[in-house]
Amino acid sequence: MFPYRLVTVFILAQLASAADAQSQAATTVLGYKEWKSIGCRGDSTSGRALKHLVAVASRSMTVESCLDACAVDEYALGGVEYGDECYCGNALLYAYGTSEACNKPCSGNTSEICGGPHALNVYQYADTPFTTGPASSLGSYKRWDLWGCLEELFPFGPRLLPHRPIVPIPAEKMTVERCLDGCQAAGYNAAGLEYGQECFCDSIDDGAQEAPSGWESTSNFECNYPCLANATEICGGSIMEGGIARARLTAYVTCAFYGTC
Ligand SMILES: *[C@@H]1O[C@H](CO)[C@@H](O)[C@H](O)[C@H]1NC(C)=O
Ligand SMILES: *[C@@H]1O[C@H](CO)[C@@H](O)[C@H](O)[C@H]1NC(C)=O
């Protein structure tokens, strides 16, 4: 009896010290410069919570090197995943919620945790406000009303809405409002957003009230991409058709089209 107990105690002591060593070995970095941890969040390869990929499978990944990279382009958020991946973004896209899977040491400093499988350690820069999903379509804004979800013809034909705002809107700053303001400033009365990050404009007949030629509406479910700078808004989408990704536009027209202004 006695030797058994001794062995048990010995093993337990070893387990305890192994657990200690491990927790000492890798801890979550809570803050760095202006950045502060906002926890461990879920992620998915089918739609990244933070859109801008800085590095994947980097052998020198640390929380600090990732956040320094995100700070260069003034992102609101930065995150490390799976030990060696780094992402930045201005919105926490989709709505994956919190995760418990941030448990991988960083490839460049094993004393730090760098997320885990489908799990991001997310950091916020200097309390910069940000939005998080889920996203839905913005119905109206100023003179603009939602038309619906349209089939993009490009790259198999010309763009459905061939024009752009005069002042380019960077992908990472894209919101529905910025696109509509941009098209309005350029004198257009139709606008469409695509891939979460692109804004297109066109001129259609005022007062026409029916679909301009070439506008094929599809199910609203096919417009399913959050805008890169506002995770609560839809900015187009895409579906797979015969193994090919086909883009969808979230389209808006002005009250002039309906003759209501
Ligand atoms: C590794 O990370 C720990 C914890 O963040 C930090 O104290 C240490 O300075 C880092 N080591 C190197 C070489 O950067
Ligand atoms: C995000 O979109 C929502 C819905 O359109 C809007 O109410 C909110 O002000 C937007 N937030 C930012 C930061 O753009």
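Order of listing sets the numbers, starting from 1, for every ligand and every atom in it.
Cys pair Cys70/Cys88: SG-SG separation is below 2.5 Å. Cysteines Cys183 and Cys199: SG-SG separation is not under 2.5 Å.
The atoms of ligand 2 that sit less than 4.0 Å from any heavy atom of Thr232 are 1 (C), 2 (O), 3 (C), 4 (C). Set against the non-hydrogen atoms of Glu177, the atoms of ligand 2 under 4.0 Å away are 5 (O). Listed by atom number, the atoms of ligand 2 under 4.0 Å from Asn230 heavy atoms are 1 (C), 2 (O), 3 (C), 8 (C), 10 (C), 11 (N), 12 (C), 14 (O). Listed by number with element, the atoms of ligand 2 under 4.0 angstrom from any heavy atom of Leu138 are 5 (O).
Tyr252 places a side-chain N or O within 3.5 Å of a backbone atom of Leu138 that can act as its donor or acceptor partner.
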Contact table ligand 1 N or O to protein N or O, d under 3.5 Å:
from     : atom 1 : to     : atom 2 : distance (Å)
ligand 1 : 2 (O)  : Asn109 : OD1    : 3.4
ligand 1 : 2 (O)  : Asn109 : ND2    : 2.3
ligand 1 : 2 (O)  : Glu112 : OE2    : 3.2
ligand 1 : 5 (O)  : Glu112 : OE2    : 2.9
ligand 1 : 11 (N) : Asn109 : ND2    : 2.9

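Scored by the ring pair (Phe, Tyr, Trp, His ring centres under 6.0 Å) test, Trp144 finds no partners at all (sequence neighbours excluded). Applying the side-chain contact (heavy atoms from CB on, under 4.5 Å) criterion to Gln124, with sequence neighbours excluded, gives Lys36, Ile38, Leu77, Asp127, Phe130. Among residues two or more places apart in sequence or in another chain, the side-chain contact (heavy atoms from CB on, under 4.5 Å) test is passed with Asp145 by Ser140, Tyr258.
For Phe221, the CZ atom sits in a loose shell: 12 or fewer heavy atoms of surrounding residues, nucleotides or ligands are nearer than 6.0 Å.
Geometrically, ligand 2 and Thr131 share no nitrogen or oxygen pair separated by less than 3.5 Å.
The residues Glu152 and Arg246 are annotated as not salt-bridged, no charged nitrogen and carboxylate oxygen being separated by less than 4.0 angstrom.
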